[in-house]
Amino acid sequence: HIAVILQNYVDHSYAGTQNSSGDDQLHLDIDCDNAVFGAIREAGVFSIAASEETPEEVDVSPKTAKEDGPLYSLGFDPLDGSSIIDA
């Protein structure tokens, strides 16, 4: 998903928000964050996820999760170094 987003990335504009590190977010940061959260939900093995762009924990449990199933927590940075993407 992220590879496709990067291949088609033409909007070098800022979203007008900052991430948890205080960096100005690009629309690219948010698009990649959404792509990773989508993949996490599709995987069906995670219960909680948070990222640099979305620092609060998000419930990503599969709707059909078994109570005793192996569900994991995940923290990630969807696109490290995006501030130098144009370099």
Side-chain angles (χ1 to χ4, degrees):
H1 299 290
I2 290 179
V4 172
I5 292 170
L6 290 174
Q7 288 171 351
N8 297 305
Y9 177 62
V10 294
D11 182 11
H12 299 186
S13 63
Y14 288 96
T17 54
Q18 292 183 333
N19 65 22
S20 61
S21 299
D23 300 324
D24 292 328
Q25 291 178 305
L26 294 167
H27 288 284
L28 177 63
D29 291 313
I30 296 168
D31 290 344
C32 289
D33 194 55
N34 290 335
V36 174
F37 268 105
I40 289 167
R41 287 183 176 97
E42 287 176 20
V45 297
F46 298 99
S47 60
I48 299 291
S51 72
E52 184 177 28
E53 310 308 325
T54 307
E56 64 278 348
E57 293 178 342
V58 176
D59 181 356
V60 293
S61 301
K63 297 199 186 322
T64 59
K66 298 178 184 175
E67 287 186 30
D68 60 344
L71 296 178
Y72 302 96
S73 297
L74 179 67
F76 63 94
D77 183 354
L79 187 64
D80 193 31
S82 63
S83 63
I84 58 169
I85 197 74
D86 291 326

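Side-chain atoms are counted along with the backbone in the values below, which use heavy atoms only and exclude waters and symmetry mates.
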*Between Phe46 and Phe37, does the ring centre distance come in under 6.0 Å?*
no
Where is the tightest heavy-atom contact between [X] and [Y], given as atom of each residue plus distance?
{"X": "Ser51", "Y": "Asp33", "value": "OG-OD1, 2.6 Å"}
{"X": "Glu53", "Y": "Asn19", "value": "OE1-CB, 3.3 Å"}
{"X": "Asp29", "Y": "Pro78", "value": "O-CG, 4.3 Å"}
{"X": "Ser73", "Y": "Ser47", "value": "OG-OG, 4.3 Å"}

Is there side-chain contact between [X] and [Y], with heavy atoms separated by less than 4.5 Å?
{"X": "Asp23", "Y": "Glu52", "answer": "yes"}
{"X": "Leu79", "Y": "Ile5", "answer": "no"}
{"X": "Thr54", "Y": "Glu56", "answer": "yes"}
{"X": "Leu28", "Y": "Leu6", "answer": "yes"}

*Is atom CD of Glu57 surrounded by more than 12 heavy atoms (other residues, nucleotides or ligands) closer than 6.0 Å?*
no
*State the SG-CG distance between Cys32 and Asp80, to the nearest 0.5 angstrom.*
11.5 Å
*Please check if the side chain of Asn34 supplies one atom and the backbone of Asp31 the other of a donor-acceptor pair under 3.5 Å.*
no
*asked:* Does Thr17 form a side-chain contact (heavy atoms from CB on, under 4.5 Å) with Ile30? I'd like the steps, not just the answer.
replied: CA-CA 10 Å; Thr17 54; Ile30 296 168; 4.2 Å; yes
*asked:* Assigning hydrophobic clusters by single linkage (Ile, Leu, Val, Met, Phe, Trp, Tyr; side-chain heavy-atom cutoff under 4.5 Å), is Ile48 placed with Phe76?
replied: no
